Participant: 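Structure below; questions to follow.
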Number of protein chains: 2
Amino acid sequence: MKRPTIADVARRAGVSKGAVSYALNGQPGVSDATRQRILAIAQEIGFNPNSAARALSGATSNAVGLALCRPARILGIEPFFMELISGVEAELSARSYALTLQVVASPEAEIAVYRRWWGERRVDGVLVCDLRIDDRRLPVLAELRLPAVVIGGPGEDGGPDYVWSDESVALAEVLEYLVALGHRRIARVGGLPGLRHTEIRTQAFGAVCRRLGLERTTTVSSDYSGEEGARATRRLLSSADRPTAIVYDNDVMAIAGLSVAQEMGLTVPSDVSIVAWDDSPLCQLVHPSLTALSRDIPAYGAHAAGRLLAAIAGQPLGDFQDETAHLIPRGSTAPPRQP
Amino acid sequence: MKRPTIADVARRAGVSKGAVSYALNGQPGVSDATRQRILAIAQEIGFNPNSAARALSGATSNAVGLALCRPARILGIEPFFMELISGVEAELSARSYALTLQVVASPEAEIAVYRRWWGERRVDGVLVCDLRIDDRRLPVLAELRLPAVVIGGPGEDGGPDYVWSDESVALAEVLEYLVALGHRRIARVGGLPGLRHTEIRTQAFGAVCRRLGLERTTTVSSDYSGEEGARATRRLLSSADRPTAIVYDNDVMAIAGLSVAQEMGLTVPSDVSIVAWDDSPLCQLVHPSLTALSRDIPAYGAHAAGRLLAAIAGQPLGDFQDETAHLIPRGSTAPPRQP
DNA sequence: CTGAAAGCGCTTACAG
DNA sequence: CTGAAAGCGCTTACAG
């Protein structure tokens, strides 16, 4: 089957290729009647402009890149990324943009991917996840002048646009709720150290605990995996002065923690309360269901994608503070059992 | 920053653009010494061939498409897809291919995406998931002559290549194991009806149960979601003659089922045994950990991607039967409690 | 083994 | 408002 080209449309419409191009792209230069006729013919013969030819003529590639730097086993189990991608996709496909996805093994590999994408003109811009302290990717993107939107922040001035959500406020809501229930010894199982939002949460955790006058405020670091979450939980629950409530940086670790508590003969929530950050359907699959910090992840992705398209069009919209996660109390939190 | 082009490389090497192209693509037509020199210069100035120009010159687009037709909430929670994508990615990036991902709402939308990709020359081939009975996508792909590999099978003659795994044998292993433990009333919570592999499992379930002389063999249909899995489990466990073992078509439903059993005051595994199809890390996060049918999903994806690249190169390798899932017994299965 | 040239299918100034 | 033409950066026959 031969693909129809712009020349086929032009021939059938009795106009030049240039006119077809103008009509298709909504440019001035053709009369309204001609435009309608051309559009109808293009539709009729199923014409889609060759994306390579388009990109080569200096237009955009109509693709956006997303490089993910997490091991497969963590990517698979974290509902966050798939939900984010779904949202990104929804926005992109509404604007006829494609998403080019690449899983990379290290930040260096990710930078190499950006350079290659840029050299190949594969993508018009990129979405950046998992921002680190002093992130080396940002200077490279700036050097290449590759439009970018960072998911997670807040950002500094002069960099790319950020789409972010206030982690500190969300964490404060959790801690105030636990304190209101009567908890005084609260621990946190944090995500991968070195990630920007992990550090923000760690700082906020300390600050809010001090403000609320809490005695014991341990943060144990992990890597977001269930195994690490389980290990951290085991350590916390084995200590002499064990916490009565634990906050986890993601839902996978919270579920692992719940399982460890049960395995150690503790009852959730009366012996230990559990709160999960990120509320995927997983939280409602377990028994008891998990109290969680919830927010609309697909929408978060869609906002980031929308901002990126604006940046690509040369009209960066500036940073965007997305909805703050809100606490959804479920069966895994309750007042601590009186000693 | 100006992107280096093939002309820049040619100038610095003192050869024609054609020679550079031959050198870069491993074609004959340049001496070995010249080739080495050209390669070194390309490397040095960070040259990456413009993918649009390449695609336009009749070469390939060096991209492969994957359209996913599942709601966001199911995509997010099913570790299967992310693991599959990781494997696909690993194979593609080793061969410098990009993955273009699109989430679609319906099979019709998916067909439209294929037509558009083909018209735009966006991708050189596609990976097809979730095959249905009388799948309408296949004739369209054949009509467009768009190379394709179907993930899941087995396939019929004359179609695209399939990469598949023997579901019947895996299911037989599960049922024989449960029967050996002493179970006689075994139920199954199946996946989305209409999907090819769901139907294969349903037929196999009936056949194996007959062969083993089992009395009660109920299959309840669902949609792979935790909610549906929970609902189906509640119905099964409320029946007068409730099953002593339940096999679930994915791990998410199995976890939901475990939670329902606990909520109904039943003990797993002594009151009811649970087996999950697909063994993601989730299965080991819950308590008791789930007995599961395990196989290497990233490898499955990698095999499919490798076959697709072969098909794109015009050398389809034929159907490929991947590893059969094997049973990993864990804490969720045991002999039924004596009545 | 190498160079000059056509051509892929668009977009976009430039004339009319 | 429309047409003819150059040009994007490659690949690939075709001469030498």
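Atom set for the values below is all heavy atoms of this structure, side chains included, hydrogens, waters and symmetry mates excluded. Bear in mind that the values here come from a model prediction, so they are computed numbers and not experimental data. Note on naming: letters A, B, ... go to the chains in the order of the sequence lines (proteins, then strands), and numbering restarts at 1 for each one.
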Participant: Need one value for Thr34(A): base, sugar-phosphate or nothing, where a base atom within 4.0 Å counts as base even if backbone is also close, heavy atoms only.
Facilitator: sugar-phosphate
Participant: Would you mind reading off the distance between Asp32(A) atom CG and dC1(D) atom P, rounded to a whole angstrom?
Facilitator: 9 Å
Participant: Counting side-chain heavy atoms from CB outward, which of dT12(C), dC10(D), dG9(C) is closest to Ile6(B)?
Facilitator: dC10(D)
Participant: Describe the nucleic acid contact of Ser21(B) in one word from base, sugar-phosphate, nothing, applying a heavy-atom distance below 4.0 Å.
Facilitator: base
Participant: Please report, rounded to the nearest Å, how far the P atom of dT11(C) is from the CD atom of Glu120(B).
Facilitator: 12 Å
Participant: Specify the separation, in whole Å, of atom CZ of Arg35(B) and atom C1' of dT2(C).
Facilitator: 13 Å
Participant: Expressed as a whole number of angstroms, how long is the span from Gln36(A):CD to dC1(D):C1'?
Facilitator: 16 Å
Participant: Where the side chain of Ala53(A) is concerned, which of dT12(C), dG9(C), dG3(C) is the nearest nucleotide?
Facilitator: dG9(C)
Participant: Grab the CG-C1' distance between Asn50(A) and dC8(D) for me, whole Å please.
Facilitator: 13 Å
Participant: Is any side-chain heavy atom of Leu99(A) closer than 4.5 Å to one of Thr100(B)?
Facilitator: no
Participant: Taking CG from Leu24(A) and C1' from dT12(C), how many angstroms apart are they, rounded to a whole number?
Facilitator: 15 Å
Participant: Mapping Gly18(A) and Phe47(B) onto DNA chain D by nearest heavy atom, which one lands closer to the 5' end?
Facilitator: Gly18(A)
Participant: Between dG7(C) atom P and Leu56(A) atom CG, what is the distance in whole Å?
Facilitator: 17 Å
Participant: Look at the side chain of Arg95(A) and the backbone N and O of Asn62(A), then say whether any donor-acceptor pair between them is shorter than 3.5 Å.
Facilitator: no
Participant: When the distance from CD1 of Ile38(B) to P of dC10(D) is rounded to whole Å, what number comes out?
Facilitator: 14 Å
Participant: Quick one: which of dT12(D), dG9(D), dC14(C) gets closest to the side chain of Tyr22(A)?
Facilitator: dC14(C)
Participant: So, OP1 or OP2 of dG9(C): does either fall under 4.0 Å of a side-chain N or O from Arg121(B)?
Facilitator: yes
Participant: Report the nucleotide, chosen from dG7(D), dT11(D), dG9(D), that has the shortest atom-to-atom distance to any side-chain atom of Ser57(A).
Facilitator: dG7(D)
Participant: Donor-acceptor check, side chain of Glu83(A) to backbone of Ile297(A), threshold 3.5 angstrom: yes or no?
Facilitator: no
Participant: Under a 3.5 Å distance rule, please check whether Ser21(A) uses its side chain to pair with a backbone N or O of Lys17(A) as donor and acceptor.
Facilitator: no
Participant: Among dG3(D), dT2(C), dT12(D), which is the nearest nucleotide to the side chain of Ser31(B)?
Facilitator: dT2(C)
Participant: Asn25(A) side chain N/O closer than 4.0 Å to the phosphate oxygens (OP1, OP2) of dT11(C)?
Facilitator: yes
Participant: Begin with the C-alpha distance, continue with both residues' side-chain angles, and end with the deciding distance and a verdict on side chain to side chain contact (heavy atoms under 4.5 Å, CB included) for Thr60(B) and Tyr97(B).
Facilitator: CA-CA 10 Å; Thr60(B) 57; Tyr97(B) 255 77; 3.8 Å; yes
Participant: Quick one: CG on Asn48(A) to CZ on Arg115(B), what's the gap to the nearest 0.5 Å?
Facilitator: 10.5 Å
Participant: Can you check whether Arg54(B) has a side-chain N or O nearer than 4.0 Å to OP1 or OP2 of dT11(D)?
Facilitator: yes
Participant: In dot-bracket, 5' to 3', how would DNA chain C read with Watson-Crick or G-U wobble pairs under 3.5 Å, [ ] for crossing ones and | for pairs to another strand?
Facilitator: |||.||||||||.|||
Participant: Do the numbers put Arg70(B) on top of the ring of Phe81(B), so that NZ or CZ is under 6.0 Å from the six-membered ring centre and no more than 45° off the axis?
Facilitator: no
Participant: How long is the straight-line distance from CZ of Arg37(A) back to CG of Asp32(A), given to the nearest 0.5 Å?
Facilitator: 12.5 Å
